Amino acid sequence: MRTPQLCLNFGLLATPGARLATTQAIKADAVQFVLMRQLPGLLILIAALAAQALARQPLHAKHAMVVSRETHATDAGIAILHSGGNAVDAAIAVAFSLSVTLPSAGNLGGGGFMLIRLANGTSTFLDFRERAPLSASRNMYLDPKTGRITGDSLVGYRASGVPGTVRGLDLAYTKFGTKPWKDLVQPAVTLATDGFPIGWGLAQALRSQANTDKLSRFPESKRIFLKDGAYYDFEENFRQPELARTLTRLRDLGAKDFYEGETARLLAADMAAHGGEITLEDLKQYKAIERQPLEGTYKGYGIITAPPPSSGGVGIIQMLGMLALTDYAKDGAGSASSLHYEAEVMRRYFADRAELLGDPDFTKLSVKGLTSPDYLRKRRDSIEPAKVTPSIQLKAGDPGPYESPETTHFSIVDAAGNAVSMTYTLNAGYGSGVTATGLGFLLNNEMDDFAADPGQPNLFGLIQGEANAIAPRKTPLSSMTPTIVTKDDKLYMVVGSPGGPTIINAVLEVILNVLDFGMNMQQAVDQPRIHHQWMPDTLSLENTVSPDTIALLRQFGHTVRPTASIAEVEAIRSFGDWLEGAPDGRVESAAKGY
Ligand code: GLY
């Protein structure tokens, strides 16, 4: 018997025999006719209702919040906050926990940046990025015969810069920590010793061809992360006894063990045995650096962000500065015209990045020039409303006189209003693929963030110049962009992301979604993203961007490249009396608060 539900089956009802068969069928046809005429409007209504029903709300909490990429790490941070620790204490616990539960990016063998804004309004930036070893040289990744890039900066023992994470967390603790150090490392020791149930994402990632290929090349990595080829199942308990021993030494002896003690000796010996570059002296000399954060404003909001050797903060200030001189938002979020303007400012910033940014301790940079209103007006004036500027016609600008694909981010706000925005990384997922023998942690392949051959693209397709050429002790240019937004001098938003160069654009887009398009924190994180990095001259768009928007962008001249997912933002907004936590649903992130 036909019922109104059958009206959804237009194919069946359209056959002439069925149409004349019964009175019910005729009634059903009438319903169908009405529905067909009203269909476009109805579909839009249904889509809007479904979108509302499906839209996730941010997690609300009154006092404190942790948003990270992994649930056990978030739990560790919340437990520290609950027990009276501050946001920096919690950040240290989260970072060490992620080194156990998120081996693709959480790390002891990598580096990163921590942006801290205290409740009293002061802020600081800790740079614990990897540095080039003392033996490094400009052409170390070029084949002497062919002059071509060898690939050693990506996989294997020669790919690693001197790790900075442990020194960075130690510096954060020395300056701001309040709980006993042991309490902050203990959650990670427990997770590594007792194990934790492997999440869906991690189980799948470890089985992927690319990760299997890389990790299988190194017996220690194959044994620990691939179970010698048998693989871990979803929810199988994952114990890491070697890492537990390393973390136990860290807990009991502090960062000194990592840079001068047993851990340092084992790491340097493993490097020497496999043709790696990092020596005991490199480890001993490693220093984390406290820097002044980069600051700017956008439409009355304060922007506190990452200074060089991150390229990201300059990008955020530049792109917001150019957009402030347009009415790019007038057609609404996700409109072709707003995405076009966003893509054009991205293109201009990345053209500058390619030539003009590097380690400020080695290269003269023009951060003031690159972010000055006069310069940004000139750059903005070259943007046409509905027409691309082909990247080939666009070089780095002249900013005036000189002064000087896997990562993870978490955001924390404590009950006193202190905030931490921290991004750290091994560079590519699972770094160089090498697990330090007997130590249980993966090493970074951050040397690939240098320009191995200035002018040639790196892992992320980024073209970079002499400013980012390799030199001993130098820091490779980064895209990591931990950022904090203030409103009326009060904390407003804590935001950041992994994703190589897509980090900078994702942070920009999330800020715009809140400040210009009125979204709450979760909507802003969930909104489809785009990415343009000057070269290659393609506009990447998440698959959720609508086809008619894509068609318009093509008309404007963009070469579009649909892609499954761009970046992973973990963010918190302080809104009224509440904190809004927004984990990124593109991955298994976790927000918790109280
Ligand atoms: N390793 C990615 C970045 O720092 O940009």
Side-chain angles (χ1 to χ4, degrees), residues 69 95 98 102-115 125-132 141 153-155 159-165 168 214 288-289 291 294 305-316 346 349-350 352-354 356-360 405-410 421-433 442-452 457-465 467-468 470 474-483 495-508 531 533-535 566-570:
R69 176 67 173 73
L98 285 170
L102 188 71
S104 62
N107 67 80
L108 301 181
F113 300 137
M114 186 190 289
L115 176 64
F125 182 84
L126 305 184
D127 162 10
F128 48 93
R129 186 146 165 84
E130 301 88 333
R131 321 274 179 228
Y141 297 116
S153 64
L154 283 170
V155 180
S160 301
V162 184
T165 293
K214 180 157 76 172
I289 302 170
R291 299 183 188 275
L294 198 58
T305 187
S310 168
S311 61
V314 170
I316 294 295
M346 291 170 185
Y349 155 65
F350 272 96
D352 282 348
R353 184 197 191 279
L356 303 174
L357 291 173
D359 180 349
E406 186 132 357
T407 299
T408 191
H409 176 86
F410 56 83
S421 182
M422 176 167 152
T423 315
Y424 77 147
T425 186
L426 291 168
N427 194 25
Y430 307 94
S432 64
L442 283 154
L443 290 160
N444 69 82
N445 61 349
E446 213 67 66
M447 292 299 284
D448 192 65
D449 270 354
F450 280 115
N458 75 350
L459 165 70
F460 299 109
L462 278 173
I463 294 177
Q464 313 188 82
N468 193 30
I470 304 173
K474 192 172 172 182
T475 309
L477 187 62
S478 173
S479 296
M480 293 185 287
T481 315
T483 297
V495 58
S497 176
T502 68
I503 295 172
I504 310 165
N505 292 336
V507 169
L508 172 79
H531 173 72
Q533 61 178 51
W534 177 58
M535 294 285 186
I566 296 174
E568 304 159 11
V569 175
E570 314 294 346

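Computed from a predicted structure; not experimentally measured. Counting starts at 1 for both ligands and their atoms, following the listed order.
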**Request:** Could you tell me whether the side chain of Glu130 and the main chain of Gly111 form a donor-acceptor pair under 3.5 Å?
**Result:** yes
**Message:** Any carboxylate oxygen within less than 4.0 angstrom of a Lys/Arg side-chain nitrogen, looking at Glu446 and Arg129?
**Reply:** yes
**Complete:** side-chain hydrogen bond (donor to acceptor under 3.5 Å, both in side chains) filter on Asn468, not counting sequence neighbours, yields Gln464
**Message:** With nothing but distance in play, are any N or O atoms of Thr407 less than 3.5 Å from an N or O of ligand 1?
**Reply:** no
**Asked** How does Asn427 reach ligand 1, by side chain, by backbone, by both or by neither, if only non-hydrogen atoms under 4.0 Å count?
**Response** both
**Asked** Do any nitrogen or oxygen atoms of Asp449 come within less than 3.5 Å of a nitrogen or oxygen of ligand 1?
**Response** yes
**Message:** Out of all atoms in ligand 1, which are within 4.0 Å of some heavy atom of Arg129? Include the element for each.
**Reply:** 4 (O)
**Message:** If the test is side chain to side chain contact (heavy atoms under 4.5 Å, CB included), which one of Asp352, Leu477, Asp449, Leu462 qualifies with Ser311?
**Reply:** Leu477
**Request:** Go through ligand 1 atom by atom and flag the ones less than 4.0 Å from a non-hydrogen atom of Ser479.
**Result:** 3 (C), 4 (O), 5 (O)
**Prompt:** In terms of atom number and element, which parts of ligand 1 are under 4.0 angstrom from non-hydrogen atoms of Met480?
**Reply:** 4 (O), 5 (O)
**Item:** Donor-acceptor under 3.5 Å (Asn107 side chain, Thr165 main chain)
**Value:** no
**Request:** Could you list which atoms of ligand 1 come closer than 4.0 Å to a heavy atom of Ser478?
**Result:** 3 (C), 4 (O), 5 (O)
